[in-house]
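Take a look at the structure below.
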There are 2 protein chains.
Amino acid sequence: MPRPDIQTSRRRALVQAAIAEIGKRGTLDVTVGGIARRAGVSSALAHHYFGSKDHILTAAMRHILQGLRAEHLRRLRGVTGPRERLRATIAANFGGQSFRREVIAAWLAFYVSAQHDREARRLLRVYQRRLRSALLSDLRPLSGDDAPQLADTVAALIDGFYIREASRTGAADPAGLAARIDATLDTLLEACA
Amino acid sequence: MPRPDIQTSRRRALVQAAIAEIGKRGTLDVTVGGIARRAGVSSALAHHYFGSKDHILTAAMRHILQGLRAEHLRRLRGVTGPRERLRATIAANFGGQSFRREVIAAWLAFYVSAQHDREARRLLRVYQRRLRSALLSDLRPLSGDDAPQLADTVAALIDGFYIREASRTGAADPAGLAARIDATLDTLLEACA
DNA sequence: ACGTGTTGACTGACTAGTCAATCAACGCAT
DNA sequence: ATGCGTTGATTGACTAGTCAGTCAACACGT
């Protein structure tokens, strides 16, 4: 008989432990043993649930992506008009759980493994496509033919501020970064009109 | 009798092998043995010259940074006027040897290790400060008080397009990316005036 | 003979993944 | 309710392999 409550709670604990471990020890030094220890179980159990180290890390990234998506939908709720929706899309990347130190470290690790791991690359594509299409659909009514280029620019700004945050020390100001992108977008949109 | 010619040629070969190895195998799977094999020497020799794996990788990054700086100075030569200099600064990041696949992979690895390795972090800071000050000094005469924010935005765009390139497949268009940033900067500068 | 350059062989540490064996919960027949 | 069998959860011990770094010895020009 499967005990789904235990299964999901263990999986969840291991995934969160994996993210924390990436944040603390750095991608290169993450071990299955370390993740399992942090989750309070044996390394054998981690293998029992996930099969391999890669699967754990992929699951961690999937979890982060789900959180980002949830944050996006939450901020979109009740918002009307393309400009407001764009604001929400940008803000989603810098709010909630998405901009914590360890999550940013996981993103970096994600980009690294996407260079050689198929599943990681697939996941990354999903995120990029989702962001791009969200930006595009709201940029088109505002900027017409310039929408694709603007979408690329905004996406690059988001990723750029993300990666720069990874090398910072001290406290971040996520809301400020979102506001900066927003102001830049304002200027670029005015120039289009 | 020391033979500095051999020393430097070995060091150079090992550093280039390290960059190639990062590009091919991905950061996580880079080994001293692999680097040494690619350079045509034994792993013991790599340790003889660099002392440790970290030192090899740091040296590789220092080499990339030097190349970027050289490219920057080259493009600055004979250029006058802040706007032209800004164009050169941006273009330097997307031209020459700086935008090859393996170099971008090395940048990613660099950002990763900067999170926990002091020397890597120090090097990254040097690059960031250098870029920021180059941008600032040319932006100030064009945009006055908005210069700091514009500098951050341009820097984020550069890093953003870099990291997005890392997850791409197929051929890149570095000149196109530089032109895109340049056009964006044009718009932002007009709005300042 | 001397010293620099170079290596193969070795080690100690560590890791992912496996496996047989225990443990704990639940269904079910009585 | 009680005992039993089944099944999932969990682990410690183990395997097999890898890697960074060391060291004593060799090559060879001077």
Side-chain angles (χ1 to χ4, degrees), chain A residues 1-22 24-61 106 109 112-113 116-120, chain B residues 1-61 106 109-110 112-113 116-120:
Chain A
M1 249 143 279
R3 268 162 263 180
D5 49 331
I6 293 186
Q7 284 208 19
T8 57
S9 89
R10 284 284 187 238
R11 290 185 110 97
R12 195 186 308 266
L14 281 166
V15 158
Q16 282 170 342
I19 295 172
E21 202 71 2
I22 290 174
K24 186 171 192 186
R25 310 183 80 93
T27 323
L28 304 168
D29 299 324
V30 170
T31 67
V32 175
I35 293 171
R37 206 173 307 121
R38 183 180 286 265
V41 297
S42 71
S43 74
L45 196 67
H47 278 102
H48 171 68
Y49 278 119
F50 287 97
S52 77
K53 180 180 176 179
D54 276 342
H55 283 51
I56 301 177
L57 298 178
T58 305
M61 209 53 225
V112 167
S113 55
H116 286 86
D117 180 33
R118 271 185 201 181
E119 180 62 8
Chain B
M1 229 160 291
R3 264 168 271 179
D5 50 331
I6 292 186
Q7 284 208 16
T8 56
S9 88
R10 285 280 188 239
R11 291 185 108 95
R12 196 186 307 267
L14 282 166
V15 158
Q16 282 170 342
I19 294 171
E21 201 71 1
I22 290 174
K24 186 171 191 185
R25 310 182 80 91
T27 324
L28 304 167
D29 299 325
V30 171
T31 68
V32 175
I35 294 171
R37 204 173 310 122
R38 185 180 286 264
V41 297
S42 71
S43 72
L45 197 66
H47 278 101
H48 172 69
Y49 278 118
F50 287 97
S52 76
K53 180 181 176 179
D54 276 343
H55 283 51
I56 301 176
L57 298 178
T58 307
M61 209 54 225
F110 189 33
V112 167
S113 55
H116 287 86
D117 180 32
R118 272 185 201 181
E119 181 62 8

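All chains are named by letter (A, B, ...) in the order of the sequence lines, taking the proteins before the strands, and each is independently numbered beginning at 1.
In this entry the distance linking CG of A:L14 with P of D:dA9 reads 13 Å, nearest Å. If you take CG of B:D29 and C1' of C:dT15, they are 13 Å apart, rounded to a whole angstrom. Rounding to whole angstrom units, CZ of residue A:R37 and P of C:dC14 are separated by 11 Å. When rounded to the nearest whole Å, the span between CG of A:L28 and P of C:dA16 equals 13 Å. Distance CG (A:L45) to P (D:dT11): 6 Å, rounded to an integer number of Å. At whole-Å resolution of the value, NE2 in B:H47 and P in C:dC10 are 18 Å apart.
Distance from the side chain of A:A44 is smallest to D:dT11 among D:dT11, D:dC23, C:dT6. With D:dC19, D:dT11, C:dT6 as the candidates, the nucleotide lying closest to the side chain of A:S42 is D:dT11. Nearest nucleotide to the B:R10 side chain, out of C:dT7, C:dG17, C:dT6: C:dT6.
In this structure, A:R11 and A:Y49 approach most closely via the heavy-atom pair NH2-O, 2.9 Å.
Note that NE2 of B:H47 is 6.0 Å distant from CD1 of B:I56, once rounded to the nearest 0.5 Å. Note that CG of B:D54 is 13.5 Å distant from CZ of B:R118, once rounded to the nearest 0.5 Å.
B:T58 is linked by a side chain to side chain contact (heavy atoms under 4.5 Å, CB included) to B:R62, B:D117, B:E119, B:L123, counting only residues two or more places apart in sequence or in another chain.
Taken residue by residue, residues 48-58 of chain A places heavy atoms nearer than 4.0 Å to DNA chain D at A:H48, A:Y49.
For the pair A:T27/A:V112, no side-chain contact is recorded, criterion being any heavy-atom separation below 4.5 Å from C-beta on.
Exactly one residue among A:L57, A:I35, A:L45, A:L14 makes a side-chain contact (heavy atoms from CB on, under 4.5 Å) with A:F50. That residue is A:L14.
Here A:Q7 does not reach the OP1 or OP2 of D:dG8: none of its side-chain N or O atoms lies under 4.0 Å away.
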